[in-house]
*Asks:* 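Shown below is the structure under consideration.
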Amino acid sequence: MRILQTKISLEGEWKLQLDESKQGLVLPYTDVITLPGTTSHARKGPKNEEFLVSALTDEYLFEGSVWYSREIDIPEELAGKSSYLYLERTRLTTLWVDGQEIGSRDSLNTAHVYELPQLLPGTHTITIRVDNTGYPTKGGHLTSPDTQTNWNGITGRMELQFYGESQLSGIRLDSELAARSVRITATLESKSETTLVVSAKSFNSEDSHTVEEQEYIVSPGKFSVDYTLGQEALLWSESAPNLYNILLVLKDSEGNAIDRQEVIFGLKEFRAEGDKFTINGEKTFLRGKHDGLIFPLTGYAPTDVEEWGRILGIAKSYGINHYRFHTCCPPEAAFTAADMLGIYMQPELPFWGTITVETDEGHNQAEQDYLISEGYAILRDFGNHPSFVMMSLGNELWGSKEKIDSFLKDYKAFDDRPLYTQGSNNHQWVPEVLEHDDFFSGVRFTRDRLFRGSYAMCDAPLGHVQTAVPGTMKDYDDQIVPPDFMNGGGQAAAAGGEIQIQYGTEAKTVQAGGESGEWIPQVPVVSHEIGQYATFPNFEEITKYTGSIKAENFVIFRERLESKGLGHLASKYFEASGQLAVACYKEELEAAFRSRRLAGFQLLDLQDFSGQGTALVGVLDAFMDSKGLVSAEEWRTFCNDAVLMARFPKYNYTAGELFAAHVELSCFRSGMPDSAQLLWQLAADGNVIAEGSTLAAIPAGSHYIDICDLAVTLPVVERMSKIVLSLSIQGTDIRKSYDLWVYPEQSSNPLEDIHVFTKLSEEALAQLEKGGNVLLMPEPESLKNAIEGYYCTDFWCYPMFRSISESMNRPVPVGTMGLLIDNSHPVLREFPGEEHSTYPWWSIVENSKSLIMDDADRSWNPVVQTIDNFERNHKLSFLTECRVGNGNLLVCALDAGKVSETPEGRQFLTSVANYMKSAEFKPQYQATVAELQALIQ
């Protein structure tokens, strides 16, 4: 940021005229507004009567032209000087001064700067027309109703800037790490040779460093000088974000200062080396999050450093060191805050589409030129920030790989400071690394070489978190470099052709082009938009929307739930689905940390995404406030610069079975000692079963440390027991815990003494009529009035991906969000657990269906129910009971044969059987045969 010779702030009250139909300025003005701000946040214009279901609702949405005007007094001492109007963060603008049209600007990412005619002393009228329609491009998340909303206004700095006859412009700072210096490139706008005086001082480090002042004689035009900081210079990184204020002063021949500018600088070198990124020569691992500029109080991104510091600081408290901005670039304040906190930033061009060439149908050269110009503007305006280390050309791009690569080449020639990627998850099914890619960001290399834990059904195959028996063995190393290639094998390239793909929030048929087969990346690989584990809405959040953006979607979801008679369960649905989501995130993240060939990940997301169907995928809400599901401290046990992990194949064991685990440490923490003491313990109900310690070497430069193997014979238990494996590195905050479950020996057929029926047959009804106890276990595959058993919570959100799957003629997602369990019910006395899904339920749920009870009496409630998504809101019964005639009935659509092959399944069935044999089996609800027949279809 430049410290100007003189500036006049234009913040405050402006005249306002809305011009929806773009008729032009109609005088007199009919309203006023305070700027910076937006018409929506100021509640100007008609109230929006349309309530969005798929996103938050802008209560005062206005789309069209808006005229803003005010008078400004120019003092005598500034009259005649070079002057500029600076407008930070706006839409399409046109400027008039004293009725004279000056020009137009269209950047969505960078400031609009107008050179003004010489201003005479006295009063002048500034008029700005802002239009939020007819953008040169769709704008991605810069203009999307899913995130910022399509606001109209000016949201950042507004000022007149005045300069003398000599000034510096276009200042660029390049780190020269080896020389411990900074190369300063700028343009001297002057009529004569001038003295440049450079000084620097660190300002945010315990180790203060003042650099000796140096003078340079510079001539008009572009110049470069090397300013030496010295070998004691402080470096900038995630762990030590040391910053300097570099002061640039122009002096005339008499030694008087005629221009003075101050720039923040961090000495660093962020590079791609092999399969990892390095910062100042040390390897680092990116722990990233997606950001779409969601700010639900205002609808637009803040432009003050304090607020961005708060936001980025929260993310860092959850172990995040990297931000990827989805089809947008944040304001300068975000980079400044990231500079101070040590966050690695990746802005992205505002594009989500197809890069075409001149001969392609629908080619839009003007849009393409605009997008590329936006990239150059972003680099010029924000490139000096040490946090600006990466840049992407867009999100999930398709089209000409040659054209995309040419853009990379040109950007790198213009500014080689950041690392570049062709885009985020480009050519999803047929990606490849381009010649000028510095790193690769995606989710798969070919159809089955996946390096993410979850996928939408329209992008199936699904990921291991969604489909595999839970364990902690999974990593992506064999997907990144398949063993066949290590042995000199490989496959030939597949032929091109048409394929149907998810395209944004729709479906599209595209040309795959020549697929490069089982190719191996030679650059760092970052996994794209990992996670996406949905939670049920927390309707308590509705009252937090006190600004111009309202959660009308939440209100609609609540009404839908209440209309099904389930409103009283909303908070329990939220908590239970949220705890399942946290467990899924833990496995997703640990799989990334276990992958020694991966360079990092980008979560979607740490916070909720308020649009695109309403994707409540965060452990933080849209305000970056905790949902109360997991603490930052606990989250950091599986998302931090040092993550301790144990690899073991399963969570469920039989009594006396050997538990074997391999303990390892993923460590990218600076200043680690050369050895560490691992403490481990297995305990049940506070009683220690086994414990020990291991001294492990941490070789310099090693980031994946194999600590030890554990082998413990589990106790012979008489009842189902939860055993906690605790790991910690002595004297540090590095720790981890896992819940394991041990089961007593059970009969291979726990239901042999129970009246079990798969259909509501005459025999079953007769047994009930005479007062018997009956277990009805319909064969899951035979049921139509039921939802498939699916342990994992829904991906992203059901409405959006149901629609996409239907448009692609592919299976729709199951769409459920885990279990809500009455864990105090005696049927589960011998299968104890939480109110939410835990791993003992995995094989049971996966071999089941849940009955749809929408038409059943509302007083008939399941003991264990499956949580449905907020679009369908089915009342889903996994396990329910009732009285029929004179007898008692328990209903569970479960494949008992498959379930009894597992210890947890046998334990569940044993608990069910013992309950049915007990005097406690006395259901309250009296069902009719007709009700049952309607339910079990």
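For the numbers below, each heavy atom of this structure counts, side chains included, while hydrogens, waters and symmetry mates do not. Please read all numbers here as calculations on a predicted model, not as lab measurements.
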*Asks:* Hey, what do you get for CG (L879) to SG (C892), rounding to the nearest 0.5 Å?
*Replies:* 5.0 Å
*Asks:* Hey, could you give me the NE2/CZ distance between H528 and F451, rounded to the nearest 0.5 Å?
*Replies:* 10.0 Å
*Asks:* Evaluate the side-chain proximity of N150 to Y135: yes if any heavy-atom separation is below 4.5 Å, no if none is.
*Replies:* yes
*Asks:* Using a 4.5 Å cut-off on heavy atoms from C-beta on, say whether the side chain of S850 contacts that of Q865.
*Replies:* no
*Asks:* Is the shortest heavy-atom distance from the side chain of P330 to the side chain of L293 under 4.5 Å?
*Replies:* yes
*Asks:* Is a donor on one side and an acceptor on the other found under 3.5 Å between the side chain of Q346 and the backbone of M390?
*Replies:* no
*Asks:* Can a side-chain donor-acceptor contact be found between Q466 and S454 if the only test is distance below 3.5 angstrom?
*Replies:* no
*Asks:* Without hydrogens or angle criteria, can the side chains of K289 and Q607 be said to hold a donor-acceptor pair below 3.5 Å?
*Replies:* yes
*Asks:* Shortest non-hydrogen contact from F295 to A301?
*Replies:* CD1-CA, 3.5 Å
*Asks:* I'd like to know if D854 and K875 make a salt bridge, using a cut-off of under 4.0 Å between side-chain N and carboxylate O.
*Replies:* no
*Asks:* Is there a side-chain contact between N426 and K401, using heavy atoms and a 4.5 Å cut-off?
*Replies:* no
*Asks:* Between atom CE of M817 and atom OG1 of T866, what is the distance when rounded to the nearest 0.5 Å?
*Replies:* 12.5 Å
*Asks:* With heavy-atom distances below 4.5 Å as the criterion, would you say the side chains of N785 and I936 are in contact?
*Replies:* no
*Asks:* Identify the heavy atoms of C584 and V465 that sit nearest to each other, and give their distance.
*Replies:* CB-CG1, 4.0 Å
*Asks:* Measuring centre to centre across the rings, with the benzene-like ring taken for any Trp, is W519 within less than 6.0 Å of F445?
*Replies:* yes
*Asks:* Can you name the nearest heavy-atom pair linking S392 to G423, along with the distance?
*Replies:* OG-CA, 3.3 Å
*Asks:* Would you call E540 and K627 a salt bridge, using N to O less than 4.0 angstrom?
*Replies:* no
*Asks:* Does any pair with a residue in residues 792-801 pass side-chain hydrogen bond (donor to acceptor under 3.5 Å, both in side chains), and if so which ones, sequence neighbours excluded?
*Replies:* Y798-R872
*Asks:* With the side chain counted from C-beta on, respond yes when W398 and Q428 share a heavy-atom pair under 4.5 Å apart, and no when they do not.
*Replies:* yes
*Asks:* Can any side-chain N or O of Q368 pair as donor or acceptor with the backbone N or O of T356 at less than 3.5 Å?
*Replies:* yes
*Asks:* Would you tell me whether E348 and N395 have side-chain atoms, one donor and one acceptor, within less than 3.5 Å of each other?
*Replies:* no
*Asks:* Look at E529 together with R324 and state whether they make a salt bridge at an N to O cut-off of under 4.0 Å.
*Replies:* yes
*Asks:* Can you sort out the partners of V53 under side chain to side chain contact (heavy atoms under 4.5 Å, CB included), two or more places apart, ordered by chain and number?
*Replies:* I556, F557, R560
*Asks:* Using 0.5 Å steps for rounding, measure from the CG atom of L142 to the CG atom of N109.
*Replies:* 5.0 Å
*Asks:* Does the plane of the ring in Y545 sit parallel, tilted or perpendicular to the ring in F554? Use 30° and 60° as the thresholds.
*Replies:* tilted
*Asks:* Where do F601 and H322 come nearest, in terms of heavy atoms and distance?
*Replies:* O-CD2, 4.2 Å
*Asks:* Donor-acceptor check, side chain of S803 to backbone of P799, threshold 3.5 angstrom: yes or no?
*Replies:* no
*Asks:* Could you check whether R444 makes a cation-pi contact with W429, meaning its NZ or CZ is under 6.0 Å from the centre of the six-membered ring and within 45° of the ring axis?
*Replies:* yes
*Asks:* Any side-chain heavy atom of L876 sitting closer than 4.5 Å to one from I852?
*Replies:* yes
*Asks:* Under 6.0 Å between the ring centres of W841 and F878?
*Replies:* yes
*Asks:* Ignoring hydrogens and angles, state whether a donor on the side chain of T472 or E590 is under 3.5 Å from an acceptor on the partner side chain.
*Replies:* no
*Asks:* Is the Y323 ring parallel, tilted or perpendicular to the F325 ring (thresholds 30°, 60°)?
*Replies:* tilted
*Asks:* If you round to the nearest 0.5 Å, how far is CG of L566 from CG of L561?
*Replies:* 5.0 Å
*Asks:* Measure centre to centre between the rings of H326 and F609, then say whether the value is under 6.0 Å.
*Replies:* no
*Asks:* Indicate the atoms forming the closest heavy-atom contact of S843 with T902, along with that distance.
*Replies:* OG-OG1, 3.4 Å
*Asks:* L56 vs N553, test: side chain to side chain contact (heavy atoms under 4.5 Å, CB included). Steps then yes/no.
*Replies:* CA-CA 6 Å; L56 300 173; N553 50 349; 3.7 Å; yes
*Asks:* Without hydrogens or angle criteria, can the side chains of H464 and E587 be said to hold a donor-acceptor pair below 3.5 Å?
*Replies:* yes
*Asks:* Assign the ring pair F536 / Y573 to parallel, tilted or perpendicular, where the plane angle (0 to 90°) is split at 30° and 60°.
*Replies:* perpendicular
*Asks:* Identify the two heavy atoms, one from I549 and one from P296, that lie closest to each other, and give their separation to 0.1 Å.
*Replies:* CB-O, 3.4 Å
*Asks:* Take a 6.0 Å sphere around CD of E788 and say whether it holds more than 12 heavy atoms from other residues, nucleotides or ligands.
*Replies:* no
*Asks:* For residues I480 and P521, determine if any side-chain heavy atom of one lies less than 4.5 Å from a side-chain heavy atom of the other.
*Replies:* yes
*Asks:* Which residues pass the side chain to side chain contact (heavy atoms under 4.5 Å, CB included) test with A786, sequence neighbours left out?
*Replies:* L783, K849, L851
*Asks:* Is a side-chain donor or acceptor of D868 paired with a backbone partner of H874 at a separation under 3.5 angstrom?
*Replies:* yes
*Asks:* Mind checking whether F574 and F870 have ring centres under 6.0 Å apart?
*Replies:* no
*Asks:* With side chain to side chain contact (heavy atoms under 4.5 Å, CB included) as the criterion, how do K138 and T143 come out once you've worked through the C-alpha distance, each side chain's angles and the decisive distance to 0.1 Å?
*Replies:* CA-CA 8 Å; K138 292 179 180 179; T143 59; 5.9 Å; no
*Asks:* Has K564 got more than 12 heavy atoms of other residues, nucleotides or ligands less than 6.0 Å from its NZ?
*Replies:* yes
